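So the structure is just underneath, and the comments pick up after that.
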Amino acid sequence: MSCAWALAELPGAVQLLKLAETPAQDAFLAFVKTLRSSDPRLPTRCAGWTVHELTAHLTAGSAEIADLVELEISGAPPRPTRDFEEREAPYRALAPKKLRRELFRQALRASIAIERLSRAGRGRRVTFTGALLDAPALVLHSESELVLHRWDIVGNDGVSVRALSDPRFAAHAATTVAAMRPNVFPPRAGERKTIILRSPGTTDIAVTGGSITTIRPAPQDAAHPIVECHPATRTVLLWGRHPGPGLPEPAGDSEALAAVTAMLRPDPARRTRSWGPTISGGQRPPGLPGDAGHRVRQV
């Protein structure tokens, strides 16, 4: 939309979001602040992804949401959600400064489109990666992406730990994201059993192994082994990350801990870019000195 393009060109435009009160603005501003102080060539906690590539991922996701919502509002026929590679490649090709500007433009487009969807009437939804999402679900998904991928860049600082402790993000992963098709979680598998991940004051989440690991809200009467987690630790684990220093380790029976860790750990033999950002099994951001044999594609 033209207003998004015009606003993006204004001096200090990112700070204007504080006045606009756009959806997920706190998460967006935190990500942008981190982005401005990060070398775009550096590897992140996503295996094989640089800061620049994660920025392209978020930019392309915002653009895709804006496109799909605009089609819905206009009454045009819907189209399938494009896969990661198709929608991200043009943004990865941009110079870092141009990509940052484009991130702002597309985030504004998505914010405006979602706001229009929310005003179009109750029940208006769009199909995004196979899941029907209304305006609040789209906002939550955008916020979750920003929070998670900021953590991928900086790790367990105070901002990330506070944000990831919000129980909405674990619930979002176990419901909305788990329903997306094709599966957007990294390829992972494990023993055919169910382990409950529990955080205080929130809904339990059941993790079930097999040829593909699945996650879902746990039934209240579920009689399965329980692993206790700090809320931020649980969110990080559900997304296939290792909590690392600064977050409490999950606690429980050693067998249950080993099983759920294996279920949620991405399988390196099945990792592919089409699954989106994934994480290596170690605590060190992949590609940093000491990670022998890891290759990060430079931009």
Side-chain angles (χ1 to χ4, degrees), residues 27 30 44-47 137 140-180 183-191 193-210 212-267 276-283 285:
T44 70
R45 287 162 179 79
C46 286
L140 180 57
H141 185 67
S142 299
E143 188 177 1
S144 174
E145 287 280 285
L146 289 162
V147 167
L148 179 70
H149 294 315
R150 183 186 180 278
W151 180 89
D152 284 328
I153 297 172
V154 301
N156 295 316
D157 68 352
V159 173
S160 279
V161 173
R162 284 192 298 273
L164 288 166
S165 296
D166 187 330
R168 296 178 305 147
F169 298 133
H172 176 70
T175 53
T176 301
V177 180
M180 290 182 175
N183 179 20
V184 299
F185 287 118
R188 48 196 181 176
E191 186 180 351
K193 64 190 305 181
T194 297
I195 307 293
I196 303 297
L197 289 184
R198 175 169 294 168
S199 292
T202 65
T203 301
D204 290 345
I205 294 177
V207 180
T208 303
I212 297 177
T213 296
T214 62
I215 62 174
R216 60 185 174 85
Q220 291 187 352
D221 59 348
H224 300 292
I226 294 172
V227 169
E228 300 276 355
C229 294
H230 182 282
T233 299
R234 185 169 72 164
T235 300
V236 167
L237 286 171
L238 290 172
W239 276 99
R241 272 69 167 168
H242 189 288
L247 278 178
E249 291 287 336
D253 174 78
S254 59
E255 186 177 333
L257 279 169
V260 78
T261 299
M263 291 174 192
L264 294 174
R265 182 189 301 123
D267 181 354
T278 62
I279 186 68
S280 67
Q283 297 180 10

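Values in this document were obtained by computation on a predicted structure and should not be read as measured data. Basis for what follows: all heavy atoms, side chains included, without hydrogens, waters or symmetry-related copies.
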Nearest non-hydrogen partners of [X] and [Y], listed with the distance:
X	Y	result
M180	H141	CE-CE1, 3.7 Å
P243	N156	O-ND2, 2.7 Å
A30	R150	O-NE, 3.5 Å
G252	L257	O-CD1, 3.3 Å
R168	L140	NH1-CD1, 3.6 Å
H230	V161	CE1-CG1, 4.2 Å

When rounded to the nearest 0.5 angstrom, what is the spacing between [atom1] in [X] and [atom2] in [Y]?
X	Y	atom1	atom2	answer
Q220	T203	CD	OG1	8.5 Å
E255	I195	CD	CD1	8.0 Å
L264	I215	CG	CD1	7.5 Å
T213	F185	OG1	CZ	10.5 Å
S165	L247	OG	CG	7.5 Å
R188	I212	CZ	CD1	11.0 Å

Looking at R234 and L197, would you say the former's side chain and the latter's main chain have a donor-acceptor pair under 3.5 Å?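 Present.
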Please check this pair: side chain of S199 against backbone of C229, looking for a donor-acceptor N/O pair closer than 3.5 Å.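 Present.
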Can you confirm whether P231 sits close enough to P167 that some side-chain heavy atom of one is under 4.5 Å from a side-chain heavy atom of the other?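 When only atoms from C-beta onward are counted, P167 and P231 do not touch, as no gap falls below 4.5 Å.
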Contact between P225 and D253 at the side-chain level, heavy atoms closer than 4.5 Å - yes or no?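 No. Closest side-chain heavy atoms not under 4.5 Å.
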Can L238 and F169 be said to form a side chain to side chain contact (heavy atoms under 4.5 Å, CB included), step by step? CA-CA 10 Å; L238 290 172; F169 298 133; over 6 Å; no
Qualifying residue for side chain to side chain contact (heavy atoms under 4.5 Å, CB included) with R241, from T235, T233, V236: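 With R241 as partner, T235, T233, V236 yield a single side chain to side chain contact (heavy atoms under 4.5 Å, CB included), made by V236.
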